[in-house]
Amino acid sequence: MSSDKQNTRQTGFVPYVSADKTLPELTWIACVLGIVLAVVFGAANAYLGLKIGLTVSASIPAAVISMGILRGIFRRESILENNIVQTITTAGEAIGTGAVFTLPALFLWDLNPSQAMIAFIVLTGGFLGVFMMIPLRRLLIVNEHETLPYPEGTACAEVLKSGETGGKNARLIAVGFLVGGLVKALGDGFMLFKTEIETQIGKFKNAVIGLDTFPALLGVGYIIGPRIAGQMMAGGLLAWVVFIPLISFFGAGTGQTIFPAEAPIAKLDAWGIWKGYITYIGAGAVAVAGLITMVKTLPTLVTSIGETMRSARKNKQGGQGLARTDRDIPMKWVGIGVLVVVLILAFTPLTNVGVIGALSIAVFGFLFVAVSSRIVGIVGSSSSPVSGMTIATILIVTFIFKATGMSGMHGMMAALIIGAVVCTALAVSGDISQDLKTGHLVGGTPWKQQIAMMIGVVASGLVIGMVLVILNQAYGVGSKELLAPKAVLMKTIIEGIMKGDLPWDLIFIGAGIAIVIEFLGLNSLVVAVGVYLPIHVSTPIVVGGAIRWLIDLFSKEEGVRKLRNDAGVLFASGLIAGESLIGVVIAILIVGGVSIPTTPLNENMWVSLGVFLLVGILLWWIAHRASNERTKADTGSK
């Protein structure tokens with residue numbers, strides 16, 4: 001019996017490339033292209049994560065770029081090579097996510113971590129994420145093929161299977177890249193216009209509406225869609241049009257300074273109130289919303305752990321006798337890999353987390369990787385509660401350290417590093433789950449994808465430290481340019497537990513808001529992020545979501561809607577990558593001593609708004625015309 005027939009009998013599924021067929025896959029050209037894209041998207045996600053606390057999936061843009069280059073330039077037509085490229089690339093995206101959600105707190109503590117230290121943390125987390133996901137692949141990807149859709153992985157597989165259109169799609173990303181990069185260069189590079197505008201709402205004291213005119217935020221809004229973007233904007237309005245004016249009203253008659261602000265409320269503007277009070281309310285909302293999201297997944301966590309144990313007992317034979325499309329890295333090497341990483345973490349002086357810290361990483365890593373890999377199969381990587389699971393890890397570990405006498409800066413630093421390793425492992429495991437789903441659908445070889453993921457982890461992990469250091473030196477982590485919201489939240493939680501000096505009333509108010517939002521049936525984590533961030537960030541995102549809503553509204557046929565949304569997502573991904581990369585380039589120039597203007601040459605807000613609206617109109621036009629182009633192409637072919 002052929003291996004393909006054997007696979008079909010066991011799972012009822014036949015991949016696009018059969019198990020009996022061998023195509024070029026883990027080739028040198030796929031690895032080189034994947035490494036380049038991993039570094040690019042890792043840096044882009046690092047910048048985006050520091051800017052707004054959100055990151056975006058790189059799998060579909062990477063697949064499109066790969067097809068455009070491998071098919072269009074090198075005339076290579078192996079779908080499995082393209083799959084390897086997107087697998088390596090998503091590792092860079094995941095490394096960027098794990099790093100920026102946690103490690104910027106080290107800069108906020110003025111510890112100035114070395115690039116070697118950052119690389120070590122994300123590499124250990126990345127390897128653990130890959131190793132711990134491997135035993136879950138057959139259970140989650142193969143056995144539950146019909147019940148776990150893995151939305152990004154399935155979508156990426158469809159893009160790969162329609163590879164003959166890759167050249168045109170790659171051009172959409174390239175155009176978006178040029179537009180996003182050009183606007184960033186003209187605005188924040190040459191300072192031809194200001195990139196942040198705001199206006200007071202009439203005589204409504206300290207009620208402000210603002211807008212960061214960044215193409216990347218517009219692209220993020222289009223990708224996440226109107227519902228999520230609208231809920232994020234709701235959080236921003238709650239903070240800037242309700243809470244800030246409310247605090248201004250009740251504090252107008254007092255000349256006293258109320259903790260934790262450093263000046264009387266009567267003397268504070270909207271930004272002063274946001275910094276002194278709203279950030280703590282937002283922190284409490286985000287922390288509790290993240291925990292709520294995690295608690296909602298507890299049944300999945302328990303199921304995942306039980307199924308993982310049963311799967312491990314059934315598959316001790318490794319890959320012998322299995323079809324090509326069902327061979328993982330042998331479990332023996334997976335176990336050795338996990339053990340080596342944990343031992344290194346326990347005894348290395350580079351991080352100094354000790355045996356307790358290393359064991360915490362092993363336990364929480366395994367538990368949360370299991371649940372993360374399953375959750376992304378249902379809701380996708382973008383909606384996975386990585387930050388919530390990281391918060392839970394940090395809470396428990398910080399309490400353990402404080403109880404055992406490991407306090408002060410040493411204890412806080414160790415707790416953060418443990419959270420960073422676990423966070424990176426969760427991000428990587430979620431992304432490799434999507435990649436393995438793509439591979440399962442197109443007929444990839446699992447062990448080659450797992451090797452590819454580790455290549456991407458190494459490539460991006462060795463560079464991400466340099467990116468963070470450069471961005472910190474140029475803009476300053478925690479500044480208005482780089483708010484680093486998730487990392488600030490982690491820092492706040494650790495300090496609050498260790499020092500006991502948090503304004504707990506404000507934290508509890510935020511917690512109450514998250515609970516109320518959850519009872520209203522909304523995504524409490526998204527709304528909480530909107531409360532935490534300046535409304536200037538949420539506004540361009542909701543504009544992007546509104547453009548997506550307009551496309552859906554005027555696309556009656558499902559096929560037309562899909563074509564338009566796909567085109568819009570590709571162009572939006574280009575906007576994000578282009579602006580983010582130029583942001584990193586500007587940071588490098590600043591650190592290198594290149595003279596860059598510090599004041600916009602044109603302060604007129606209408607110029608900035610006009611540029612932003614032009615990019616928005618271009619996004620709508622490119623998405624809307626996609627179905628017309630396809631119709632013409634179909635007519636011509638007939």
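Along the sequence shown, residues are numbered consecutively beginning with 1. Note that this is a predicted model, so its numbers are computed, not measured.
- When all heavy atoms of A514 and A285 are compared, the pair lying nearest together is CB-O, 3.5 Å.
- For the pair I418/I394, no side-chain contact is recorded, criterion being any heavy-atom separation below 4.5 Å from C-beta on.
- V469 places a side-chain heavy atom less than 4.5 Å from the side chain of F107.
- Atom-to-atom distance recorded for S608:OG and F214:CZ is 10.0 Å, nearest 0.5 angstrom.
- Classification of the H536-W271 ring pair by plane angle, with boundaries at 30° and 60°, yields tilted.
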Chi angles and distances behind the side chain to side chain contact (heavy atoms under 4.5 Å, CB included) call for M232, V527 = CA-CA 5 Å; M232 189 172 175; V527 177; over 6 Å; no
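- Minimum heavy-atom separation, A239 to I278: CB-CG2, 3.9 Å.
- Put simply, CG on L619 and CG on L614 are 12.5 Å apart, with the number rounded to the nearest 0.5 Å.
- To the nearest 0.5 Å, atoms CE (M412) and CH2 (W109) are separated by 5.5 Å.
- Of all heavy-atom pairs spanning T279 and Y532, the tightest one is O-CE1, 3.4 Å.
- No side-chain heavy atom of F612 sits less than 4.5 Å from a side-chain heavy atom of T539.
- The shortest side-chain heavy-atom distance between F401 and I497 does not fall under the 4.5 Å cut-off.
- Surrounding CZ of F399 are at most 12 heavy atoms belonging to other residues, nucleotides or ligands under 6.0 Å away.
- For the pair P104/L50, a side-chain contact is recorded, criterion being any heavy-atom separation below 4.5 Å from C-beta on.
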ask   = Given V208 and I244, is the side chain to side chain contact (heavy atoms under 4.5 Å, CB included) satisfied, shown in steps?
value = CA-CA 9 Å; V208 170; I244 290 178; over 6 Å; no
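- A donor-acceptor distance shorter than 3.5 angstrom exists from the side chain of S429 to the backbone of L426, with no hydrogens or angles considered.
- Here the side chains of P245 and K205 are not in contact, with every heavy-atom distance at 4.5 Å or above.
- For F204, the CZ atom is densely surrounded, since the number of other residues' heavy atoms within 6.0 Å is greater than 12.
- The line from OG1 of T213 to CZ of F193 is 6.0 Å long, rounded to the nearest 0.5 Å.
- Minimum interatomic distance between V467 and A46 (heavy atoms only, all atoms of both residues): CG1-CB, 4.1 Å.
- The CD1 atom of I281 sits 5.0 Å away from atom CG of L506, with the distance rounded to the nearest 0.5 Å.
- Closest non-hydrogen pair, V183 versus V611, comes out as CG1-CG1, 4.1 Å.
- The minimum heavy-atom distance between L553 and K556, with the atom names listed, is O-NZ, 3.4 Å.
- Put simply, CG on D566 and CZ on R564 are 12.5 Å apart, with the number rounded to the nearest 0.5 Å.
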inquiry  = Using the rule given for side chain to side chain contact (heavy atoms under 4.5 Å, CB included), can you reason through K486 versus V100, listing the C-alpha separation, both sets of side-chain angles and the distance that settles it, and then say yes or no?
reply    = CA-CA 8 Å; K486 295 291 178 66; V100 299; over 6 Å; no
request  = Mind running side chain to side chain contact (heavy atoms under 4.5 Å, CB included) on N565 and R548 for me, showing each step along the way?
outcome  = CA-CA 7 Å; N565 280 333; R548 176 74 171 261; 3.0 Å; yes
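- With contacts defined as side-chain heavy-atom distances shorter than 4.5 Å, the pair V122/L103 qualifies.
- With contacts defined as side-chain heavy-atom distances shorter than 4.5 Å, the pair I586/Y475 qualifies.
- A donor-acceptor pair under 3.5 Å is formed between the side chain of E579 and the backbone N or O of A216.
- The local environment of NZ in K275 is sparse, with at most 12 non-hydrogen atoms from other residues, nucleotides or ligands closer than 6.0 Å.
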